[in-house]
Amino acid sequence: MEVPSDLQSQSPELLDARDALRNFRDEFYLPTNGAVGASKDLPADQPCTYLCGNSLGLLSKQSESLVQGELKVWGSRGVVGHFNHPYGREWVEFGEKLSPLLAPIVGAHSSEVISMSTLTANLHLMMNAFYHPTAERFKILCEARAFPSDRYAFHSQAIAHGLDPKTAVIAMSPREGEYALREEDILDVIAKEGPSIAVVCFSGVQYYTGQLFNMQKITHAGKHAGCIVGWDLAHAVGNVPISLHDWGVDWAVWCTYKYLNSGAGGIGGLFVHSKWDHIKKPDYAGWWGQELSTRFQMPEDFTPIPGAWGYQQSNPSCLTLASLLGSLEIFQSAGGIQATRSKSILLTGYLEGLLRDSSFCEKADGPKFVIITPSDPYRRGAQLSLLFSPLGVMQKVLDGLKNAGVIGDEREPDVIRLSPVPLYNTFADVKHAVDVLEEVMRAL
Ligand SMILES: *Cc1c(COP(=O)(O)O)cnc(C)c1O
């Protein structure tokens, strides 16, 4: 898939008219100018320009209707809904029922993925299950600028094993003056320090820069060096195609409220490769990992369901499962992650082209921005991160955007992230956002 070099000079209306996914926008609720606190001069009931799906995806009508359905069943049937459900979503195995829809999004078999718990809790669960440091092999290889929760998790994992995080955690930073980590540098560290590394865990898409790592290559190198390789897919799932099974990834975790549109605090997800099925059992058992046929008989001994499903601990919320299900159904009817990714490459390429044509991009004196996300569409997902200078400009720009009904988000002290999402954003949204950005910067 190529991004045409003159994409930014094409008319957004024409690009939208040619977009095979254009009708999916109507499947979502778009926050209005009035509701997001835009200027009173804008029509309050018109949709704002929402470019923040990297942080919180939007509510679909399908998710709303499925959640309402669960509330109705709960209200009308109570506990009976566990086994007798008017819509065939018996709560006793509701989580498992999502796996066939989730599997193609991360490139796994159904039995390798399960919707459960939340991201950070699942990260600890996987570290507990797979991080068994020895005197020789005890290090965790990760990014220095990983999402704080991941850094806290790795740090505390080292301490929990009686290790000093200073020596047990190798946290890689980009080279001086660069924003993205170079793949060759990661492979280099794995080659040099491999025998001492127990776990390699990067994020599939970096939350701050939007960089997409070559998960296949890094996994291959890590496995070759004898390490356990896990991935945090928070910003990758629902954003870019992933092939966890074929790449031989050991485990992965994700949240679903970003590109999977399940709502704030929505249910998390877990992948455990089937190669582990006959080697290890879930170490931290709970009743929801028990074989389906006897889960509610509560036998004395724990017999886990084979695969990732056996890692479940608790009864998952039917409301958060229902909202995720609505979103997964939309992905399926849109033609899957390959279809959304094809549009995403164009949409983000269009955003990049317009931004690069701006007189405030890189070359200008005074207030300006640089795009710190890699320019290669295969090294990024939907998001572009803009680094503003001089210091203090970013907040003014963010306020100006919001005032004009353009919603991105900030990462202190100087970055704004903009993420056009293929299921509900248009080329016209992108054009409008860049026009507003330029207007705001001209007025500084
Ligand atoms: C969003 C995000 C989280 C959030 O973790 P929760 O446990 O869902 O609150 C963690 N890690 C990364 C990389 C993220 O992007």
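We're numbering straight along the sequence, starting at 1. Numbering of ligands and ligand atoms starts at 1, following listing order.
For the pair Asp250 and Lys275, the salt-bridge criterion is met [side-chain N within less than 4.0 Å of a carboxylate O]. With respect to the salt-bridge test (charged N to carboxylate O, under 4.0 angstrom), the residues Glu93 and Lys97 do not qualify. Taking the charged nitrogens against the carboxylate oxygens, Asp429 and Arg25 do have a contact shorter than 4.0 Å, which makes a salt bridge.
Residues forming a salt bridge (charged side-chain N to carboxylate O under 4.0 Å, His left out) with Arg295 (at least two apart in sequence, or on another chain): Glu96.
Remark: the His85 side chain and the Glu70 side chain contain an N/O donor-acceptor pair separated by less than 3.5 Å. Side-chain contact, Ser203 with Glu143: a donor N or O sits under 3.5 Å from an acceptor N or O.
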When you check ligand 1 against the protein, what N or O pairs turn up below 3.5 Å? List the atom names and distances, or just say none.
unit_1	atom_1	unit_2	atom_2	d
ligand 1	5 (O)	Thr120	OG1	3.4
ligand 1	7 (O)	Thr120	N	2.9
ligand 1	7 (O)	Thr120	OG1	2.6
ligand 1	8 (O)	Tyr257	OH	2.5
ligand 1	9 (O)	Tyr257	OH	3.4
ligand 1	11 (N)	Asp150	OD1	2.7
ligand 1	11 (N)	Asp232	OD2	3.2
ligand 1	15 (O)	His235	NE2	3.1
ligand 1	15 (O)	Lys258	NZ	2.6

